[in-house]
Protein chains: 2
Amino acid sequence: MSAKPTIYDVAEEAGVGIGTVSRVLNNSTNVSERSRLRVQQAIRKLGFKPSSAARKLSRQTRIHNLGVITQSFNSYYSFAERLRGVQAFLSEQDEKYELILYNASSRDNAAEQLKAIIRDAAVEGLMIIDIDLSAEEQKALRQANIPYIGVNNSTASLSPNIGADNHEGARLATQYLIDNGHRHIAYIGDFFVDERFGFTTSHERYNGYRTALETNGFAHNEDFVKLGEHGYDAAHQSTLELIALPHRPTAIFAMSDTQALGCMAALRQCGLDVPADVSVMGYDDLEISKHTGLTTVRQHLELSGRRGAAYLLHTLKRTTSDVNLTLPQPVVIPRQTTRDIG
Amino acid sequence: MSAKPTIYDVAEEAGVGIGTVSRVLNNSTNVSERSRLRVQQAIRKLGFKPSSAARKLSRQTRIHNLGVITQSFNSYYSFAERLRGVQAFLSEQDEKYELILYNASSRDNAAEQLKAIIRDAAVEGLMIIDIDLSAEEQKALRQANIPYIGVNNSTASLSPNIGADNHEGARLATQYLIDNGHRHIAYIGDFFVDERFGFTTSHERYNGYRTALETNGFAHNEDFVKLGEHGYDAAHQSTLELIALPHRPTAIFAMSDTQALGCMAALRQCGLDVPADVSVMGYDDLEISKHTGLTTVRQHLELSGRRGAAYLLHTLKRTTSDVNLTLPQPVVIPRQTTRDIG
DNA sequence: ACAATTTTTGGAAGCGCTTCCACGCCACAT
DNA sequence: ATGTGGCGTGGAAGCGCTTCCAAAAATTGT
């Protein structure tokens with residue numbers, strides 16, 4: 001008798017009909033105090049819990065739920081900013097939307113979760129942050145009739161996609177450093193993994209960096225490119241390696257603000273001043289970057305969340321009106337960690 | 001005919017039985033290629049979407065879902081760290097849990113959302129971050145048989161609660177400054193609002209600050225207490241006011257790292273060095289604080305998320321084993337923004 | 001006392017799906 | 001021809017709830 005109790009069990013236990021139980025559950029009027037008490041007692045005794053599925057089904061009330069799946073809770077500050085955009089947009093809507101968060105621990109796990117989502121029809125729309133879906137996965141979503149939108153994925157592989165132009169942003173960042181007289185610019189980024197399905201963010205930004213160098217006719221120095229795990233610590237380590245170089249760079253372009261912070265910490269730890277000795281450029285413009293005076297590239301994180309959510313809702317409502325899928329161009333925000341050495 | 005199509009509509013359109021439609025939906029075997037195609041066509045034509053509620057109900061598969069409700073997406077970095085703890089814990093479990101995020105825009109909105117959650121039995125367990133529930137609200141949750149856990153709420157009012165000892169943390173922080181020779185210590189915090197249901201975090205930390213001062217027999221200076229909105233900007237403003245004082249403090253204790261950053265920015269902007277001229281102490285130990293060298297109080301944010309999730313799961317499983325609800329004591333993490341002026 | 005309301009009640013029907021059973025059909029062996 | 005097995009198929013039953021309706025009980029008025 002450990003099976004989940006239903007209202008029938010409760011009704012029997014309380015010696016009333018199921019209608020009465022339901023009425024108590026819903027705080028409906030027209031229930032005698034005596035019945036209400038008996039039912040409540042039975043509920044407690046049986047540890048009864050209404051099934052939300054059954055409720056949603058019978059009560060015709062369609063509660064919409066959107067999913068957000070990401071692999072990048074490690075770079076969770078930027079994820080949080082995007083999420084904030086999503087929430088903000090959703091809360092402005094008339095209808096209520098539940099936001100279900102899926103956090104994949106690895107690419108394989110992401111695939112697994114995705115399958116589960118499709119199998120259970122768990123969400124009506126899905127936002128995919130920082131995961132590049134294979135063609136098959138995207139097809140599966142389409143077949144399941146689940147609209148989806150990629151955010152910060154490799155534009156090439158995931159469509160539709162809220163595109164941050166990583167290449168252009170990185171090019172601008174590098175060009176900014178060049179305009180400030182820098183000739184020896186290092187790049188700190190993540191490993192270029194997962195290239196099966198298009199470029200990674202790191203690779204895209206790296207390409208933008210290379211483009212800027214080449215456009216200006218500068219030689220490319222392989223020693224100035226340091227790839228590692230994402231995050232503060234790896235960037236810290238990479239920076240130490242850069243400093244140890246016979247000819248150290250005069251500027252370092254980190255592919256994320258978090259990494260830029262790790263970079264700056266390493267520089268200062270070695271007695272180097274930022275920006276007097278070395279300029280540092282980040283990427284993301286997290287809110288903290290404003291606070292730390294980091295020169296960086298603004299890429300409209302919160303807005304990307306908003307736009308993504310807007311797209312999903314429009315699609316769900318079958319609105320034909322177009323939704324703007326492009327974000328404003330990334331732009332360099334000059335602050336105090338870069339210096340003109342021209 | 002704009003009503004949501006069901007499998008019956010699809011079956012009719014495709015000229016097959018509902019069983020076949022269901023089989024196609026579930027990628028079941030034993031469906032002729034011909035039928036499969038017809039069904040898929042019909043699905044597309046009708047824009048059919050399976051109802052997740054009906055699915056969950058019929059398929060006996062109980063998918064658990066937990067809710068997290070918060071009001072504090074404004075201080076979302078610390079929220080993100082907690083959430084990370086929750087996710088990490090959940091992903092270690094065998095059973096699958098869906099995490100539904102509720103973000104209240106105001107206290108009233110929180111009350112509204114809470115009602116909706118209860119009404120819809122939307123979640124099996126609820127984590128309440130930074131919102132103090134009234135006795136009635138807690139009672140409603142209990143009646144609805146939804147286990148809940150407060151995180152960083154005023155211990156007094158929300159029970160059970162994963163308690164961060166704000167008073168003690170603030171006392172330690174202040175004592176640390178005192179031990180470093182400071183006698184003129186300012187406090188920057190949030191307004192003490194919402195006291196109907198217990199103390200706010202800001203108030204608790206303020207009290208800890210006062211306790212330290214009094215224990216050491218120092219006079220309390222009302223001018224040194226600046227309360228405002230939460231966040232960087234208000235703290236920035238408060239700091240400017242502190243600096244303008246005839247006798248400015250030698251140390252500033254901000255109730256959060258975010259505010260400490262605003263404070264430091266203001267100091268530097270006025271040509272004051274941290275920590276040479278003024279020491280700054282934060283609270284939270286966000287990950288960024290390590291990066292910015294901020295002396296602060298560590299309060300185990302991620303762990304609080306983990307513990308909260310653990311409690312909910314244990315309760316759901318009716319495990320009798322006790323769950324540890326107490327967090328390690330907060331501890332001062334000395335870094336580079338404070339100086340011994342003894 | 002009785003009739004006229006009003007409140008309270010039980011339970012059938014139905015929400016949209018999955019699952020299962022029974023049946024038709026065809027290919028193959030006998 | 002007759003049997004045998006397996007695939008494909010339709011549709012009834014059932015998941016746990018809400019909602020409705022008609023009927024029973026309680027209340028009011030006369």
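Chain letters run A, B, ... following the sequence lines, proteins first, then strands; residues in each count from 1.
- On a pure distance criterion of 3.5 Å, no polar donor-acceptor pair joins the side chain of B/Arg36 and the base of D/dG8.
- With respect to B/Lys45 and B/Glu13, a salt bridge is recorded, a charged nitrogen being found less than 4.0 Å from a carboxylate O.
- In this structure, the side chain of B/Arg36 does not engage the main chain of B/Val21 through any donor-acceptor pair within 3.5 Å.
- Across all strands, A/Ser22 comes closer than 4.0 Å to base atoms (heavy-atom distances).
- The distance from atom CD of A/Glu33 to atom P of C/dT7 is 16 Å, rounded to the nearest whole Å.
- When each of D/dC17, C/dT18, C/dT9 is scored by its nearest atom to the side-chain atoms of A/Arg23, the top-ranked nucleotide is C/dT9.
- Where A/Ala54 and B/Leu25 each meet DNA chain C at their nearest nucleotide, the meeting point lying more 5' is that of A/Ala54.
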message: Show, in sequence, the C-alpha distance, side-chain angles and deciding distance for B/Arg142 and B/Glu137, and conclude whether the salt bridge (Lys or Arg N to Asp or Glu O under 4.0 Å) test is met.
response: CA-CA 9 Å; B/Arg142 266 180 261 117; B/Glu137 288 170 321; over 6 Å; no
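- Residue order along DNA chain D, read from the 5' end via each residue's closest nucleotide, puts B/Val16 first among A/Thr6 and B/Val16.
- As rounded to whole Å, 14 Å separates atom C1' of D/dC20 from atom CG of A/Asn30.
- Regarding B/Arg55, its CZ atom lies at a distance of 5 Å from the P atom of C/dT18, rounded to whole Å.
- In this structure, A/Ile18 atom CD1 and D/dG16 atom P are separated by 12 Å, rounded to whole Å.
- Following rounding to the nearest Å, A/Lys56 (NZ) and D/dC15 (C1') show an atom-to-atom distance of 16 Å.
- Taking only side-chain nitrogens and oxygens, B/Thr20 comes nearer than 4.0 Å to OP1 or OP2 of D/dG10.
- Under 3.5 Å, the side chains of A/Asn103 and B/Arg84 contain no donor-acceptor pair of N or O atoms.
- Closest approach to the B/Asn26 side chain among D/dC17, C/dT18, D/dT9 is made by C/dT18 (side chain taken as heavy atoms from C-beta onward).
- When the nucleotides D/dG16, C/dC17, C/dC20 are ranked by their closest atom to the side chain of A/Leu57, D/dG16 comes out on top.
- When atom types are taken as modelled, the side chain of B/Arg307 and the backbone of B/Ile162 share no donor-acceptor pair closer than 3.5 angstrom.
- Judged by closest nucleotide on DNA chain D, B/Tyr8 is the one of A/Tyr8 and B/Tyr8 placed further toward the 5' end.
- Across the protein-nucleic acid pair, A/Ile7 atom CD1 and C/dA12 atom P stand 13 Å apart, rounded to whole Å.
- Close to D/dT18, at under 4.0 Å from its OP1 or OP2, lies a side-chain N or O of A/Arg59.
- B/Ser35 has a side-chain polar atom (N or O) that falls below the 4.0 Å cut-off from OP1 or OP2 of D/dT9.
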